[in-house]
Q: 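Have a look at this one before I ask anything.
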Amino acid sequence: MAVLAKVRRSKASAAQSAAARRSVSAEFPLGAAHNADIAAAFEEIADLLEIENANAFRVRAYRNAARVVGGLPNEAAAMLARGEDLTELPGIGKDLAGKIAELVKTGGSAVLADLHKHAPQGLVELLRLPGLGPKKVKALHDKLQIETVSQLHRALQDGRVRDLAGFGAQTEKRLLQALEAKSASGGRMKLAVAAQYAEPLAEYLRKSPGVGQVAVAGSYRRARDTVGDIDIVATAKDAATVMERFVSYPETARVLSRGPTRSTIVLRSGIQVDLRVVAPESYGAALVYFTGSKAHNIAIRRIAQGRGLKINEYGVFSGKRRLSGETEDSVYQSIRLPTIPPELREDRGEIEAAKAKSLPDLIELKDLRGDLHAHTTATDGRNSLQEMALAAKARGYEYVAITEHSRHLTIAHGLDPARLARQIGQIDAFNRQKRGIRILKGIEVDILDDGQLDLPDTILSRLDLVVAAVHSKFNLSRAQQTERVLRGLDNPYVTILAHPSGRLIGRREPYDIDMPRLLKRCQERGCFIELNAHPDRLDLLDTHCRMAKELGVLVSINTDAHSTSDFDNMRFGVGQARRGWLGRDDVLNTRPLARLLELLARARRS
DNA sequence: ACGCCTGTGCGTGCCTATCTTCTGATAGG
């Protein structure tokens, strides 16, 4: 909790009087850099410094700062505007705070511009190639004047690279392969896509003779919204058999490396998979190690150091003596910490919370009692009202809200007041049959360009809940977009703000909007915010979940189901909610029906 | 570059496997 605690403290002291003097609006200066922009700039500076062989600690300071700023629950720009002191953040001193201010003010950085004079931007892209680190990139640049990926490609084909000191025929071959693979795949995949590849592969390995445990670890296990590569941990008395089976997986395109305990393959789809095989007594330690995150691993290893112990992927050691390692619990126990759930292992305060015995009791799939966002064949869904309701019941739910699109979304055949009135009648009729599930009457109403809702209050007033959403004009300026949605929230019938950033992972960037301000308005207004569980969206971000929790704004985890099978996406939403530190009480749709109806009614009244 | 402690300096995130090439670079969490 270190980061948040510090932010809160500074808010309470210095910033409070500043905020009182300032008008509440314009929290985020127009054109300012977002946290992600700042983090990217710091990463680039670190990369270039590393190529220039700068002081390693300086490089680390930039990387650290990138991680801290990237994980902030508030925009650094807004914090500055409120007069907060950024040097209170861990790892941010006078210098880096100045550079953040510079990035916020000018959108650029003098240090970065200066570095580009000697080391052009293309070098950073070279660094991303597997097999190329700072030393080799520098050699390519110094000796062959290579600055871009295409120049490297040409040099490789001309055979100029293999003669450099430190390079050889093997390196040449691997780099050429890496360049091909780069155009083929590249980037991170959505969590749900990773699941499609990881689970069958894990199942395949479980059939290996003599294999014990098999688990998918890495960012997949931490439930990140996207996954870079797939990491698998297995136990076996005889690792060689499992390794052999792994590299001969039918979907294997290439074997990148193969050792007695670790191998890496690339699948035909371009996805990289690492397998680590250890003895059964090391399973827990290997799982901790391979689950990460790296920052979390370093943090717990430091704690061990402080106690004169050593943690590696084989166990926790005192000298040569192994104290633990068979289970994850035993590893954490050895350093006197409760087991930290994988979704929290990002070194974003979970270690401090564990020490203070204040880890959150995270929400689980079974805690959910309903889904508050679903569609039927009346608009763009694929199943009928009754099919959707019964499918929800089959998931053990007490209630499901049917929330069709409104008329403005013509492509989805959105409802006008007359058609919505007809559906209200159908739902009432269904509910009278007492089928063991309650359908809530709702709508996913468009927030129009000017902030008005797409349907009149006369019909909205007849519903149990109103989910409001943006489906058009994604490119408004930050100020306009924020204003538009705030105006939408002013309508007294709105109960939930749906997929609040509008992003589609890998396809559409989030629209530019002041999320902290939206959350604050939800708090004042007594309404709720959605965490859309669709694997293409996963929208609310984990950092914003955490902020909602701090503000006491309940989050509704909804699948936005367009078919009965879509209800299964709930697990992805729960994963993201857990990454956002949410417990059962922080989530709206864990409430039993009667309590939920009270909350919905209160949100409308206020 | 941070951060602590001091007094303008100094120490400073963990630990291991694999490959390629020759002692270390890169990658992995």
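Letters A, B, ... mirror the listed sequences (proteins, then strands); counts begin at 1. Hydrogens, waters and symmetry mates are skipped; everything else that's a heavy atom, side chains included, is used. Source: prediction; values computed, not measured.
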Q: On DNA chain B, does the nearest nucleotide to A:Glu313 precede the nearest nucleotide to A:Asp229 from the 5' side, or the other way round? Give the residue.
A: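 Mapping each residue to its closest nucleotide by heavy atoms, the 5'-most match is A:Glu313.
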Q: So does A:Gln305 get a side-chain nitrogen or oxygen closer than 4.0 Å to the phosphate oxygens (OP1/OP2) of B:dG13?
A: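 No, A:Gln305 has no side-chain N/O under 4.0 Å of OP1/OP2 on B:dG13.
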Q: Using a 4.0 Å heavy-atom cut-off, does A:Ile300 contact any base of the nucleic acid, only the sugar-phosphate backbone, or nothing at all?
A: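 No contact.
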Q: Between side-chain atoms of residues 201-209 of chain A and protein atoms elsewhere (two or more places apart, or another chain), which donor-acceptor pairs fall under 3.5 Å?
A:
unit_1   : atom_1 : unit_2   : atom_2 : d
A:Glu203 : OE1    : A:Arg206 : NH1    : 2.8
A:Tyr204 : OH     : A:Arg245 : O      : 2.8
A:Arg206 : NH2    : A:Val214 : O      : 2.9

Q: Sticking with atom P, work out how far B:dT18 lies from B:dG11, rounded to a whole angstrom.
A: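 My reading of the P atoms in B:dT18 and B:dG11 gives 35 Å.
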Q: Can you tell which of B:dA25, B:dC2, B:dT18 lies closest to the side chain of A:Lys136?
A: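 The nucleotide sitting nearest to the side chain is B:dA25.
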Q: What is the separation between atom CD1 on A:Ile265 and atom P on B:dA27, rounded to the nearest whole Å?
A: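 After rounding, the reported distance stands at 19 Å.
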Q: For B:dC14, does OP1 or OP2 lie under 4.0 Å from any side-chain N or O of A:Asn297?
A: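 So the side-chain polar atoms of A:Asn297 never come under 4.0 Å of the phosphate oxygens OP1 or OP2 of B:dC14.
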Q: With rounding to the closest Å, how many angstrom separate the P atoms on B:dA1 and B:dC5?
A: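 Comparing P positions in B:dA1 and B:dC5 gives a spacing of 22 Å.
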Q: Closest to the A:Lys135 side chain: B:dT20, B:dT16, B:dT26?
A: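 Nucleotide nearest to A:Lys135's side chain: B:dT26.
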Q: Please examine the side chains of A:Arg221 and A:Arg345, heavy atoms only from C-beta on, and report whether any two atoms are closer than 4.5 Å.
A: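 With C-beta onward as the side chain, the pair touches.
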Q: Among A:Lys294, A:His296, A:Arg579, which residue meets the side-chain hydrogen bond (donor to acceptor under 3.5 Å, both in side chains) test with A:Glu346?
A: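 It is A:Arg579; the other options fail the test.
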Q: Given the C1' atoms of B:dG9 and B:dC15, what is the spacing between them in whole Å?
A: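 That atom pair is separated by 30 Å.
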Q: Atom CD1 of A:Ile232 to atom C1' of B:dG29: distance rounded to whole Å?
A: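 In whole Å, B:dG29 C1' lies 15 Å from A:Ile232 CD1.
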Q: Of the nucleotides B:dT16, B:dG29, B:dT18, which has the atom closest to the A:Asn312 side chain?
A: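 The closest nucleotide is B:dT16.
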Q: Look at the side-chain N and O atoms of A:Thr264 and state whether any lies under 4.0 Å from the OP1 or OP2 oxygen of B:dA27.
A: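 No, A:Thr264 has no side-chain N/O under 4.0 Å of OP1/OP2 on B:dA27.
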Q: Taking donor-acceptor contacts at under 3.5 Å, does the side chain of A:Arg60 reach the base of B:dG13?
A: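 In this structure, the two groups form a donor-acceptor pair.
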Q: Would you say B:dA1 has OP1 or OP2 under 4.0 Å from some side-chain N or O of A:Arg58?
A: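 Yes, such a contact exists.
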Q: Any side-chain N or O of A:Lys173 less than 4.0 Å from the OP1 or OP2 oxygen of B:dT20?
A: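 For B:dT20, neither OP1 nor OP2 has a side-chain N or O of A:Lys173 closer than 4.0 Å.
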Q: Could you tell me how far B:dT12 sits from B:dC19 if I compare only their P atoms? Round to whole Å.
A: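 Straight-line distance between the two P atoms is 33 Å.
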Q: Take atom NZ of A:Lys294 and atom C1' of B:dG13, then tell me their distance rounded to the nearest Å.
A: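 Those two atoms, NZ and C1', are 9 Å apart.
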Q: What nucleotide among B:dC15, B:dT26, B:dT20 has an atom nearest to a side-chain atom of A:Thr171?
A: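 Of B:dC15, B:dT26, B:dT20, B:dT20 is nearest to the side chain of A:Thr171.
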Q: If you measure from the P atom in B:dC10 to the same atom in B:dT16, how many Å do you get, rounded?
A: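 Between the two P atoms, the distance is 31 Å.
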Q: What's the closest nucleotide to the A:Arg174 side chain, out of B:dT18, B:dC14, B:dC19?
A: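 Out of B:dT18, B:dC14, B:dC19, the nucleotide with an atom closest to A:Arg174's side chain is B:dC19.
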Q: Would you measure the distance from the C1' atom in B:dT21 across to the matching atom in B:dA25 and give it in whole Å?
A: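 That atom pair is separated by 10 Å.
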Q: Whole Å only: how far is the CZ atom of A:Arg262 from the P atom of B:dT26?
A: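 Rounded to the whole Å, the gap is 16 Å.
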Q: For A:Leu132 and B:dA25, give me the distance from atom CG to atom P, rounded to whole Å.
A: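 Interatomic distance, CG of A:Leu132 to P of B:dA25: 14 Å.
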Q: How is A:Phe57 classified with respect to the nucleic acid when contacts are heavy atoms under 4.0 Å: base, sugar-phosphate, or nothing?
A: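 Base contact.
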Q: Below the 4.0 Å mark, does B:dA17 have OP1 or OP2 next to a side-chain nitrogen or oxygen of A:Tyr314?
A: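 For B:dA17, OP1 or OP2 has a side-chain N or O of A:Tyr314 closer than 4.0 Å.
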Q: Let me know, please, whether A:Asn64 or A:Thr291 comes out on the 5' side of the other along DNA chain B by nearest nucleotide.
A: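 Nearest-nucleotide comparison on DNA chain B picks A:Asn64.
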Q: Partners of A:Asp238 by salt bridge (Lys or Arg N to Asp or Glu O under 4.0 Å), sequence neighbours excluded?
A: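 For A:Asp238, no residue satisfies salt bridge (Lys or Arg N to Asp or Glu O under 4.0 Å) once neighbours in sequence are set aside.
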Q: Whether A:Thr261 contacts B:dT18 is assessed here as follows: a side-chain N or O lying under 4.0 Å from the phosphate OP1 or OP2. Is that the case?
A: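 Affirmative; the distance criterion is met.
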Q: Within less than 4.0 Å of OP1 or OP2 of B:dA27, is there a side-chain N or O belonging to A:Gln272?
A: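 No, A:Gln272 has no side-chain N/O under 4.0 Å of OP1/OP2 on B:dA27.
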Q: Whether the A:Glu50 and A:Tyr62 side chains hold a donor-acceptor pair (N or O, under 3.5 Å, no angle test) is what I'd like checked.
A: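 No pair is found: no donor N or O on one side chain lies under 3.5 Å from an acceptor on the other.
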Q: Under 4.0 Å, heavy atoms only, any strand: does A:Arg222 hit a base, just the sugar-phosphate, or nothing?
A: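 The answer is sugar-phosphate, as A:Arg222 gets under 4.0 Å only of primed atoms, P, OP1 or OP2.
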Q: What is the separation between atom CG on A:Leu175 and atom P on B:dT20, rounded to the nearest whole Å?
A: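 In whole Å, B:dT20 P lies 11 Å from A:Leu175 CG.
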Q: Can you check the A:Phe290 CZ to B:dC14 C1' distance for me, whole Å?
A: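 Roughly 16 Å, once rounded to whole Å.
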Q: Taking the same atom, C1', in B:dG28 and in B:dG13, what whole-Å distance lies between them?
A: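 My reading of the C1' atoms in B:dG28 and B:dG13 gives 16 Å.
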Q: Which whole number of Å gives the distance between the P atom of B:dA17 and that of B:dT8?
A: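 B:dA17 and B:dT8 have their P atoms separated by 45 Å.
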Q: Does A:Gln157, at its CD atom, have more than 12 non-hydrogen atoms belonging to other residues, nucleotides or ligands within less than 6.0 Å?
A: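 Yes, because the 6.0 Å sphere around CD of A:Gln157 holds more than 12 heavy atoms from other groups.
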Q: Any side-chain N or O of A:Lys94 below 4.0 angstrom from OP1/OP2 of B:dG3?
A: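 Checking A:Lys94 against B:dG3: no side-chain N or O falls below 4.0 Å of OP1 or OP2.
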Q: So which nucleotide from B:dC14, B:dT18, B:dA1 ends up closest to the side chain of A:Ser257?
A: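 Ranking B:dC14, B:dT18, B:dA1 by closest atom to the A:Ser257 side chain puts B:dT18 first.
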Q: Which nucleotide in the set B:dT26, B:dG13, B:dT12 lies at the smallest distance from any side-chain heavy atom of A:Arg302?
A: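 Output: B:dG13.
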Q: Could you tell me how far apart A:Asp231 (CG) and B:dA27 (C1') are, to the nearest whole angstrom?
A: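 Taking CG of A:Asp231 and C1' of B:dA27, I get 12 Å after rounding.
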Q: With a distance cut-off below 6.0 Å to the six-membered ring centre and an angular limit of 45° from the axis, does A:Lys99 pair with A:Phe42 as a cation-pi contact?
A: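 So A:Lys99 doesn't make the cation-pi contact.
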Q: Are A:Arg188 and A:Thr226 linked by a side-chain donor-acceptor pair shorter than 3.5 Å?
A: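 The answer is yes; a qualifying pair exists.
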